[in-house]
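Per chain, numbering begins at 1; letters A, B, ... match sequence-line order. In what follows, every heavy atom counts, from backbone to side chain, and hydrogens, waters and symmetry copies are set aside.
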2 protein chains.
Amino acid sequence: MTSKTSPTKYSISDLSKEFDITTRSIRFYEDQGLLSPSRKGQTRIYNQRDKVRLKLILRGKRLGFSLAETGRLFELYDVDKTSAKQLNSIMELINNKKSDLTQQLDDINAVLIELNDLEDNCQETLRTLESK
Amino acid sequence: MTSKTSPTKYSISDLSKEFDITTRSIRFYEDQGLLSPSRKGQTRIYNQRDKVRLKLILRGKRLGFSLAETGRLFELYDVDKTSAKQLNSIMELINNKKSDLTQQLDDINAVLIELNDLEDNCQETLRTLESK
DNA sequence: AGCAACCTTTACGTTAACGTAAACTTCCTA
DNA sequence: TAGGAAGTTTACGTTAACGTAAAGGTTGCT
């Protein structure tokens, strides 16, 4: 199997260009504990895992997650290393997030409907203006 | 027709209790031009329209809208009073919002799937822990 | 050697959306 | 009539998520 893998090493500016964010942001995410690139000397080296994380961070942002919340979610992926006692509180957190998101789904659908109405409204107004 | 209408006058604390926010927030929204209750003397009196607006503000927040953005959306409802020239820019704004929200829908569905996976994961880990 | 393009750390500045406190008025009631 | 509850304005404080310098190291031309 000759699996063509994408380059697994990125500089900070590689990522900043690819995701269209500043290097300042990327370093800040590291500062907040969401990324931990390796180093070559002083210089940060990002791998595929870092890149995926960055993508998840940005998606979280689009959903209104704070960086801290996204950090929590990252931790959840290490469930194996967690005690049974904590598992229940983790699942509670998951369920909270799920109901948040379900609420958001409803919200979005409602707003989309309204926006479509508004658009129709605009178009009709345009037509009546043109026919004068 | 005896239409039973809900009381159409609210105090600031009525609304703060109903929506579980502080009066500070409500006054702040007014300060930002999103609400404009009438006054009896000094005291703010809110009507049904104000209440609806407040609900919309909070829904906007859940969707990650800034107060300014929500304000823009409020203005959109006065389309009638707008010139044909502005209508196109309004529709552009609407379409931007629509694509934002569509993106969010995708994001949410993705995260919901992941959260469900995580939950399964947790439950399985719990089971294996219990069977030891 | 020089300098341009990167990278780094450190640190102060900025914006949105309130929190919090002070000082005051108005109304109700024990 | 004294107090308490709810309202008001004014204004400074706070947090998250960066922006924006400043000052300096490292690499690679030319």
May I ask you to verify if any side-chain N or O of [X] is less than 4.0 angstrom from the OP1 or OP2 atom of [N]?
X: A:S13; N: C:dC7; value: yes
X: A:Y29; N: D:dC18; value: yes
X: A:S11; N: C:dC7; value: yes
X: A:K40; N: D:dT26; value: no
X: A:T43; N: C:dC6; value: no
X: B:K61; N: C:dA16; value: no
X: A:R27; N: C:dT8; value: yes

Of all the choices, [options], which nucleotide is nearest to the side chain of [X] once you look at every atom?
X: A:T22; options: D:dC18, D:dG19, D:dT9; value: D:dG19
X: B:I12; options: D:dA17, C:dA17, D:dG7; value: D:dG7
X: B:L67; options: D:dT8, C:dA17, C:dT8; value: C:dA17
X: A:S66; options: C:dC18, D:dA17, D:dC18; value: D:dA17

Which sits closer to the 5' end of DNA chain C, B:F65 or A:Y46, going by the nucleotide each is nearest to?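 The 5'-side residue here is A:Y46.
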
Cationic tip of A:K97 above A:F65 ring, under 6.0 Å, 45° of axis: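 That pair qualifies as a cation-pi contact.
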
Ignoring hydrogens and angles, are the base of C:dT20 and the side chain of B:R24 linked by a donor-acceptor pair under 3.5 Å?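 Yes, the side chain and the base share a sub-3.5 Å donor-acceptor pair.
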
Any carboxylate oxygen within less than 4.0 angstrom of a Lys/Arg side-chain nitrogen, looking at [X] and [Y]?
X: A:D107; Y: B:R59; answer: no
X: B:E30; Y: B:R24; answer: no
X: B:K98; Y: B:E92; answer: no

Report yes if the side chains of B:I21 and B:L54 come closer than 4.5 Å at any heavy-atom pair, otherwise no.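 Yes, close enough: below the 4.5 Å cut-off.
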
Between OG1 of B:T22 and CD1 of B:I12, what distance do you get to the nearest 0.5 Å?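 Reported value, rounded in 0.5 Å steps: 8.5 Å.
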
Rounded to the nearest Å, what distance is computed from the [atom1] atom of residue [X] to the [atom2] atom of nucleotide [N]?
X: B:E30; N: C:dA17; atom1: CD; atom2: C1'; result: 16 Å
X: A:D31; N: C:dT10; atom1: CG; atom2: C1'; result: 11 Å
X: A:F28; N: C:dT14; atom1: CZ; atom2: P; result: 17 Å
X: B:L35; N: C:dA17; atom1: CG; atom2: P; result: 14 Å
X: B:I45; N: C:dC27; atom1: CD1; atom2: P; result: 12 Å
X: B:K17; N: D:dA5; atom1: NZ; atom2: C1'; result: 10 Å
X: B:D14; N: D:dA5; atom1: CG; atom2: P; result: 18 Å
X: B:L58; N: C:dC18; atom1: CG; atom2: P; result: 9 Å

So B:T23, base contact, sugar-phosphate only, or nothing? Heavy-atom distance under 4.0 Å.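 Since no nucleic acid heavy atom lies under 4.0 Å of B:T23, the category is nothing.
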
Residue mapping more 5' on DNA chain D - nearest nucleotide basis, A:Q42 or A:Q32: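 Result: A:Q32.
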
